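One structure below.
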Protein chains: 2
Amino acid sequence: MDEIDELLSIRAAELYYEENKTQDEIGQALRLTRWKVGRLLAQAKQRGFIRIEILHPRARRLPIERRLREERGLIDAIVVSSAGVGSSEELQARTAQAAADYLTALRPVPRTLGVSWGRTLFEISQQLRNGWAVGVNVVQINGGVSLNRRPGTAAATAVGIAQKGGGSATLLPSPAILERLATKEAIEADRVVAGVIELARSADVFLFSAGAADRTSVHVESGYLSEADVDELVRKGAVGDVVGRYIDSDGNIVDPALDARTVGLTLDELRRAPIGIAVVSGPAKHAVADAVVRSRLCSVLVTDESTALHLLDG
Amino acid sequence: MDEIDELLSIRAAELYYEENKTQDEIGQALRLTRWKVGRLLAQAKQRGFIRIEILHPRARRLPIERRLREERGLIDAIVVSSAGVGSSEELQARTAQAAADYLTALRPVPRTLGVSWGRTLFEISQQLRNGWAVGVNVVQINGGVSLNRRPGTAAATAVGIAQKGGGSATLLPSPAILERLATKEAIEADRVVAGVIELARSADVFLFSAGAADRTSVHVESGYLSEADVDELVRKGAVGDVVGRYIDSDGNIVDPALDARTVGLTLDELRRAPIGIAVVSGPAKHAVADAVVRSRLCSVLVTDESTALHLLDG
DNA sequence: GGCGATCCTGCTCATATGAGCATCGGGGCG
DNA sequence: CGCCCCGATGCTCATATGAGCAGGATCGCC
């Protein structure tokens, strides 16, 4: 296309999109046939001169979702638009909202839903509406009671999701990470704990997030790991954690000894799920999101536009 | 519209604009009739959920232009889009480009074109193409030879416009502002100078810019005014200058004594022009742009989107 | 300069869309 | 309790748009 056509296509686009003229009218104004105008408009679109944005907190980016499904082998992908987002909190809220929407629309309605905990999961539990399902049993899939600063958010998350879904919650009464392997094995041997984990294994849907491997991690905040521990994990290649288990960019366990002291489903058990929904957003989690998708820890990903583009192009 | 319809209209917009589905297909997907879909789409547009931007350096904003014409009584208005603009230099360049385009398309082609000088006018002269007109005589409408730092840009502007338009330039051989009134009157009495000004009066089109009343003004840079002079003018209510004459927000001369020492067409002579094209862009010039339009110093305004919106809403 | 390949143009025709109208249904009022 | 009014709905029909094709200009290549 030469410069004259480029300018014409811009003039045509202005008249078409800003002035609501018909292609025929534009043709008369610019002394072109209406077919030429149609072709100019098509080219303007194709060459990216025209950007159409949907400005709404709950808007999604369907073309990116499609690419994620096709190029990264996901069963489903939900990508929230970051158009007009102010803060990273808003992005987080949008993503949680989208995850709640997805869960609500999920068919068949899960009978047993395995959940992790953390900031993202708590927000999802808040965004869910009463009656989002009928009779869902929610079970925690990794440990984490009471050590974190605002005690009970892990429990509140599971209970909230269950209550609003007209079902009950089964909590995993155990710390996330034990200091000694023997203690962890003892806890897992406990009848109640073993029963919960067995129930978790049988869940038909898992819902979990991922954490970045940095000092702002909930594991540091909760006191399960020190900042030095995290630094060491990063040195070994960790990009983040899923259900408390730290992975590298290929999804492999970074520190098997630490992993052995972590209570809850293993990553392989997570991978075996019929449906595994990962909710991951924010620039800090680009790397871990990539690891989660690459290693097939999830079959459904709920994320934001920038993270999604990172997965596709980065 | 209730929330459910709002969400539906977003889903519909996503499918329509991002996935290129037809309204009928969307209707099937969302279990709606195609008419409902059409109405949802119309509402989404109307409520501003859908933004269509034309991303091109030479794109214009026709709806804003129309409002400027209608609400501010201009014969014509050219508003360049600021979508995707990086620097203020780029905005300046786009505006100058638009002014050059406008001049090129102007019919009837001006026989005598009166021009001022300055950064904006120089840029316009650069953007004009060879042969933009045939046989245009360009005449300077205000003084300003040789005092400014890069000497000769005032002359280069007029000569450049004339050469590219296949005509000749008539320069006004005088400083912009004289120190003493008597000197100014003597200069204006000079046969050559008087002849140039007489020719300028007869121009059928004027092309000029406006300067902000601040210390970055070309008059300070050129040494015609000191920074203290400008501060004093601002104190008296000056918002900027047109052809070297400082005006307040109503377009009135701020300092009649200074004005009397300024060589060139008077503002009233400028107002009498059949066509007066003002080219004003950048946030620093919002106030002076408003004064120029309000006091009818121009009949055509070339500006940027943000300045235009300031004129309409501010 | 002749020749074919390629791109561009303006057409026909099928499809998608929007305007305007009859109908339906729910809530306020006698 | 019935009636009416108003907004929402789904239609008919006119219009706008896009797909595909045939003729013609343009270019490189011999």
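These figures come from a predicted structure and were not determined experimentally. Naming convention: chains lettered A, B, ... in sequence-line order (proteins, then strands); numbering from 1 in each chain.
For Thr33(B), no side-chain nitrogen or oxygen approaches OP1 or OP2 of dT9(D) to under 4.0 Å.
Ion pair Arg119(B)/Glu123(B) not flagged as a salt bridge, since none of the NZ, NE, NH1 or NH2 atoms sits closer than 4.0 Å to an Asp/Glu carboxylate oxygen. Checked for salt-bridge contact, Arg67(A) and Asp313(A) meet the test: a charged N lies under 4.0 Å from a carboxylate O. Using a 4.0 Å cut-off between a side-chain N of Lys or Arg and a carboxylate O of Asp or Glu, Asp290(B) and Arg72(B) qualify as a salt bridge. Looking at Arg47(B) and Glu6(B), a side-chain N of the basic residue comes within less than 4.0 Å of a carboxylate O on the acidic one, giving a salt bridge. Taking the charged nitrogens against the carboxylate oxygens, Lys36(A) and Asp5(A) do have a contact shorter than 4.0 Å, which makes a salt bridge. Salt-bridge check for Arg58(B) with Glu3(A): passed, with a basic side-chain N closer than 4.0 Å to an acidic carboxylate O.
Across its full length, the helix from dG1(C)-dC30(D) to dG30(C)-dC1(D) shows an angle of 20° between the axes of its 5 terminal pairs at either end, rounded to 10 degrees.
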What string of B, S and - do you get for nucleotides 14-26 of chain D 5' to 3' if you count protein non-hydrogen atoms under 4.0 Å? --SBBBB------
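For the pair Gln43(A) CD and dC7(C) P, the computed distance is 13 Å after rounding to whole Å. In this structure, Leu32(A) places its CG atom 15 Å from P of dC8(C), rounding to the nearest Å.
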Considering only distance and modelled atom types, tabulate donor-acceptor pairs under 3.5 Å from the side chains of residues 74-82 of chain A, sequence neighbours left out.
unit_1	atom_1	unit_2	atom_2	d
Asp76(A)	OD2	Tyr102(A)	OH	3.2
Ser81(A)	OG	Ala83(A)	N	3.0
Ser82(A)	OG	Glu305(A)	OE1	3.3

Determine, stepwise, if the pair Gln92(B) / Glu90(B) fulfils side-chain contact (heavy atoms from CB on, under 4.5 Å). CA-CA 5 Å; Gln92(B) 169 99 338; Glu90(B) 193 182 339; over 6 Å; no
